[in-house]
Amino acid sequence: MNKIYLKDTLLFQENDFNIIAGPCAIENEEYLVKTAELLVKNGVKMIRGGAFKLRTSPFSFQGMGKEGILLLSKVARDYNLFSVTEITSVKDLDLIEKYIDIMLIGTRNMHNYELLKELGNLDKPIILKRGMAATVKEWLLAAEYLAQGGNEKIILCERGIRTFETCLRNTFDLASAVYVSQNYGYNVITDPSHATGDRNLVEKMTLASLVAGIQGAMIEIHPEPEKALSDGEQMLNFEQFEELMKKVKGLKMQK
Ligand code: PEP
Ligand code: MN
């Protein structure tokens with residue numbers, strides 16, 4: 001498994017199950033601070049939050065932009081957490097590189113090879129989400145664009161794919177995530193929130209990822225999911241997240 005260091009900390013420790021959690025979109029300071037407090041309480045080291053949101057509809061909330069990046073950076077620093085956010089365009093590279101610890105490439109940008117080439121030159125961990133209609137081979141080749149620039153701090157994220165099945169938001173392809181983790185030496189995480197689109201499935205799919213030997217999961221949480229500006233239906237509230245963390249810890253101990 002490739003070793004990914006950030007400020008002398010080894011992210012993705014061997015045999016660990018690493019949780020990244022936070023809101024779909026950063027909405028305000030109060031929510032983000034509450035989220036950070038919850039993560040610290042539960043031993044989670046990485047906080048996520050989108051500031052530049054790529055929404056299917058131009059009428060949907062597009063994120064707080066630069067203000068959101070600065071807020072995430074400040075809260076992460078105050079609570080000694082690593083920050084994770086999506087980069088959607090090369091134009092935001094300087095800003096995000098300066099303030100954020102781990103960059104996320106969303107499903108819509110997995111095929112944005114110019115962006116991948118730019119990020120390949122950075123010395124920062126990159127989470128590469130699988131394109132919503134990408135084969136495993138295409139996903140691995142996208143990772144090669146990062147690797148060819150010299151960036152080996154690559155984490156792959158299975159976030160569900162689009163299939164003939166429409167019952168859930170996406171089809172969670174856990175088997176492919178395990179396959180990639182076992183055969184290619186990448187740290188692989190899953191995103192049970194986007195993979196299912198349903199908060200009632202997030203806990204079970206997270207635990208399934210752990211049992212399957214995956215290196216971690218990224219989970220969307222919100223203090224008041226019913227009021228969220230995006231993806232409310234798939235975000236866990238704090239109580240549900242704490243319940244999940246208890247089960248994650250229990251299963252880790254059995255491993
Ligand atoms: C996200 O994780 O913030 C996100 C937008 O997910 P995806 O790109 O998988 O839709
Ligand atoms: Mn989301």
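As the structure lists them, so they are numbered: ligands from 1, and atoms in each ligand from 1. Predicted, not measured: the structure shown is a model, and the values here were computed from it.
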Requested in this report: Return yes or no for this condition: an N or O of Thr107 is under 3.5 Å from an N or O of ligand 1.
Outcome: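 Between Thr107 and ligand 1, an N or O pair is found under 3.5 Å apart.
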Query raised in the report: Taking both backbone and side-chain atoms of Arg169, is any N or O found less than 3.5 Å from an N or O belonging to ligand 1?
Result: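 The answer is no, given that Arg169 and ligand 1 share no N or O pair closer than 3.5 Å.
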Among the N, O or S atoms of [X], the one nearest the Mn ion (ligand 2):
{"X": "His194", "value": "NE2"}
{"X": "Asp231", "value": "OD2"}
{"X": "Glu220", "value": "OE2"}

Check [X] against [Y] and note the closest heavy-atom contact, atom names and distance.
{"X": "Gln234", "Y": "Val202", "result": "O-CG2, 3.9 Å"}
{"X": "Gln215", "Y": "Asn187", "result": "CG-OD1, 3.5 Å"}
{"X": "Val180", "Y": "Leu156", "result": "CG1-CD1, 3.6 Å"}

Query raised in the report: Do you reckon Ile47 sits in the same ILVMFWY cluster as Ile96, going by side-chain contacts under 4.5 Å, direct or chained?
Result: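 Linked, Ile47 and Ile96 end up in one cluster.
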Query raised in the report: Nearest protein heavy atom to atom 3 (O) of ligand 1, by residue and atom, and its distance?
Result: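 Scanning the protein heavy atoms, the shortest distance from atom 3 (O) of ligand 1 goes to Arg48 NH2, 2.7 Å.
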What atoms of ligand 1 come within less than 4.0 Å of a heavy atom belonging to [X]?
{"X": "Lys53", "value": "3 (O), 5 (C)"}
{"X": "Arg108", "value": "10 (O)"}
{"X": "Gly106", "value": "8 (O)"}

Requested in this report: Return the option from Glu86, Arg159, Lys129 holding the heavy atom at the smallest distance from atom 6 (O) of ligand 1.
Outcome: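 Considering heavy atoms of Glu86, Arg159, Lys129, the nearest to atom 6 (O) of ligand 1 sits in Lys129.
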Requested in this report: Tell me yes or no: between the side chains of His222 and Asp231, is some donor less than 3.5 Å from an acceptor?
Outcome: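 No, because no side-chain N or O of His222 sits under 3.5 Å from a partner of the opposite role on Asp231.
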Requested in this report: Would you please classify the geometry between the Tyr145 ring and the Tyr113 ring as parallel, tilted or perpendicular, with 30° and 60° separating the classes?
Outcome: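 If you compare the ring of Tyr113 with that of Tyr145, the planes turn out parallel.
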Query raised in the report: Is the count of non-hydrogen atoms from other residues, nucleotides or ligands lying under 6.0 Å from Glu226 atom CD greater than 12?
Result: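 Above 12, so yes.
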